[in-house]
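What follows is a short report on a single structure.
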Amino acid sequence: MPDPVVTRFAPSPTGFLHIGGARTALFNWLYARHLGGRMLLRIEDTDRERSTEPAIAAILDGLSWLGLDWDGDVVFQFSRAARHREVVEGLLASGGAYRCYASPEELAEMRESARSEGRPARYDGRWRDRDPADAPAGVKPVIRLRAPQEGETAIVDQVQGRVVWQNKDLDDLVLLRSDGTPTYMLAVVVDDHDMGVTHVIRGDDHLTNGARQTQIYQALGWSVPGMAHIPLIHGPDGAKLSKRHGALGIDAYRSMGFLPSALRNYLVRLGWSHGNQEIFTDAEMVAAFDLPQIGRSPARFDAAKLENLNGHHLRETPAEQVLQAIEVILPDVGPARGLGPHLDPELRARLLASLPGLKERAKTLIELLDAAYYLYAPSPLALDAKAAAILDAPARARLAAITPALAALPEWNTASLEAAVRAGAEALGVKLGQLAQPLRAAVTGRGTSPPLFDVMAVLGRDVSMARIGAQARAEGVETTPNAA
RNA sequence: GCUCCCAUCGUCUAGCGGUCUAGGACGUCGCCCUCUCACGGCGAAAACAGGGGUUCGAGUCCCCUUGGGAGCGCCA
């Protein structure tokens, strides 16, 4: 293994970690893990106005929740400003950069007239070869790269292929602002170089930046890292994922009850494929992932597929782990549904026992929690519309009829309950469903639930009989359907 | 406007010149299973944007058109 790969995820902390950023991080992580390399994390906080502590925390939290770990310490770009300046000084000395005294107004005017004349909107190089003695007094200059004006600049991208720009279409970008702080374009190059990054994997909105950064590498005499510009994720309407589509941070998906493993699985298949395989464990993903299988067209975000995948992962995940995932989001989502931020031991045990039946039927942890309502419902149990419809007078009469047999059961478990109810249905001359459905409605307050006998077994004799009794006694009485 | 990128079922995609009467998955619609709902099983409808080339042969290569997208800051 001659050249261990080093990738990096480099978000700017100006907002939460969104779904596109999460996928970029995942791809970097997978590529590094696949090749036994390292993934670094760098926070691009050179924009002091917009970078915030909460955003940094949200990004770190999001990555951790998603299960994407990084190697080494987090690098904060702003802390490296002195190094960035040093590099620019060198460039200034070698003639690779120059001071530009153009005012913001001049620049705006330049862009406007260029556009109106159908020319590319770019800096015209007016200070490129001008005598510094012409510098207006009192104006702090920016420092620009003396970019080549002829020929072409190409990047050999592992996803996009060889992409070429004519140098005349690229202008002299700003390296150092007039206040002496480095720009993103410069900082990225210096940091990637200093950090030993071998592969830059990022969204293809950076494709042009790739060319401009290549010019900086060349001016510095540094070797250009491998690049892979992956297509962006679009919203359902085909436009770039944005606030209009909900502007969701990764934390929102957590709160919606998605499993990290499902999100990883969904994200990896957006733009990348491995034959016909749709379902991936982490190990499979790491083993199969590579850059050549990444497509070049943007993918649309499809919530339905994410939900389906989440359902699959829910079923595959052991009950204890699902329970832990629930406990992670409970502080967020518990209080709103009458659950506290934590589960008391008794409820936890009942939930765990019910999970095999529950996780089979839910697409998200939220759905699961709602379906488990019968486990934590306050008394008296509220009936939803379907349950209320099921519990008509004949149904209630059947409940009354089966009550003695249930009360007399020596053992209260799934098998004994099923035997008793089947016998009861036969004795009443009705189909199993005609008795089971009223029982389900009485015991869960819902028209649907996990298998009835499992539910009754977990609930226990006392609770079950009380709920059945309450509905049996209400024969002929109009019930108040649950408002919800 | 300029530069660059993209184009297979509604969506994610397989396809790397002949095995494509185009495969899988999600979603949709039937049927089966069944104590409900799911799961699972079986089946159906559903796509190579259009036009030119190249070739014995094109979804696969080239060009044009059309349609999407991204970038064009002293933001990142």
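Each chain gets a letter, A, B and so on, in the order its sequence line appears, and its residues count up from 1.
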With respect to the phosphate group of B:U13, does any side-chain polar atom (N or O) of A:Asn276 fall under 4.0 Å of OP1 or OP2? no

- Would a line drawn from the ring center of A:His199 to the ring center of A:Tyr31 be shorter than 6.0 Å? yes

By ring-ring contact (aromatic ring centres under 6.0 Å, His included), A:Tyr376 pairs with (sequence neighbours left out) A:Tyr373

Residues 421-430 of chain A vs salt bridge (Lys or Arg N to Asp or Glu O under 4.0 Å), sequence neighbours excluded, gives A:Glu418-A:Arg422

Rounding to 0.5 Å, atoms CG (A:Leu92) and CZ (A:Arg85) come to a distance of 13.5 Å

Residues in residues 41-53 of chain A with a heavy atom under 4.0 Å of RNA chain B, by number, are A:Glu44, A:Thr46, A:Asp47, A:Arg50

Polar atoms only, N or O, under 3.5 Å: list the protein pairs with nucleotides 58-65 of chain B and their distances.
none

Residues at least two apart in sequence or cross-chain that pass salt bridge (Lys or Arg N to Asp or Glu O under 4.0 Å) with A:Arg50, listed by chain then number, are A:Asp47

Those residues at least two apart in sequence (or on a different chain) that pass salt bridge (Lys or Arg N to Asp or Glu O under 4.0 Å) with A:Arg212 are A:Asp171

Those residues at least two apart in sequence (or on a different chain) that pass side chain to side chain contact (heavy atoms under 4.5 Å, CB included) with A:Arg130 are A:Trp127, A:Asp134

The correct set of residues in residues 144-161 of chain A placing a heavy atom under 4.0 Å from RNA chain B is A:Arg144, A:Gln160

For nucleotides 69-72 of chain B, give me every protein contact, N/O to N/O, under 3.5 Å, one pair per line with atom names.
from, atom 1, to, atom 2, distance (Å)
B:G69, O2', A:His234, NE2, 3.3
B:G71, OP1, A:Lys240, NZ, 3.4
B:C72, O2', A:Ala121, O, 2.9

Of A:Thr181, A:Val190, A:Thr183, A:Leu175, the one forming a side-chain contact (heavy atoms from CB on, under 4.5 Å) with A:His84 is A:Val190

Can you find a side chain N or O atom of A:Arg269 that sits less than 4.0 Å from OP1 or OP2 on B:A25? no

To the nearest angstrom, the CG-C1' distance between A:Leu176 and B:G73 comes to 16 Å

Ion pair check, A:Arg42 and A:Asp192, cut-off under 4.0 Å | yes

Next on the checklist: What contact category does A:Tyr266 fall into here, base, sugar-phosphate, or nothing, at under 4.0 angstrom with non-hydrogen atoms?
Outcome noted: nothing

Do A:Met456 and A:Val443 come within less than 4.5 Å of each other through their side chains, counting heavy atoms only? yes

The answer to which of A:Pro451 and A:Gly275 contacts RNA chain B further toward the 5' end, by nearest nucleotide, is A:Gly275

Contacts of A:Asp282 meeting salt bridge (Lys or Arg N to Asp or Glu O under 4.0 Å) (sequence neighbours excluded), chain-then-number -> A:Arg264

Residue pairs passing the salt bridge (Lys or Arg N to Asp or Glu O under 4.0 Å) test with at least one member in residues 137-148 of chain A, sequence neighbours excluded, are A:Asp129-A:Arg146

Sorted by chain and number, sequence neighbours left out, salt bridge (Lys or Arg N to Asp or Glu O under 4.0 Å) with A:Glu360 holds for none

State whether the distance check finds a donor on one side and an acceptor on the other, under 3.5 Å, for side chain A:Arg296 versus base B:C6.
no

A:His229 NE2 to B:C4 C1', in whole Å, measures 12 Å

Base, sugar-phosphate or nothing for A:Ala102? Non-hydrogen atoms, less than 4.0 Å. base

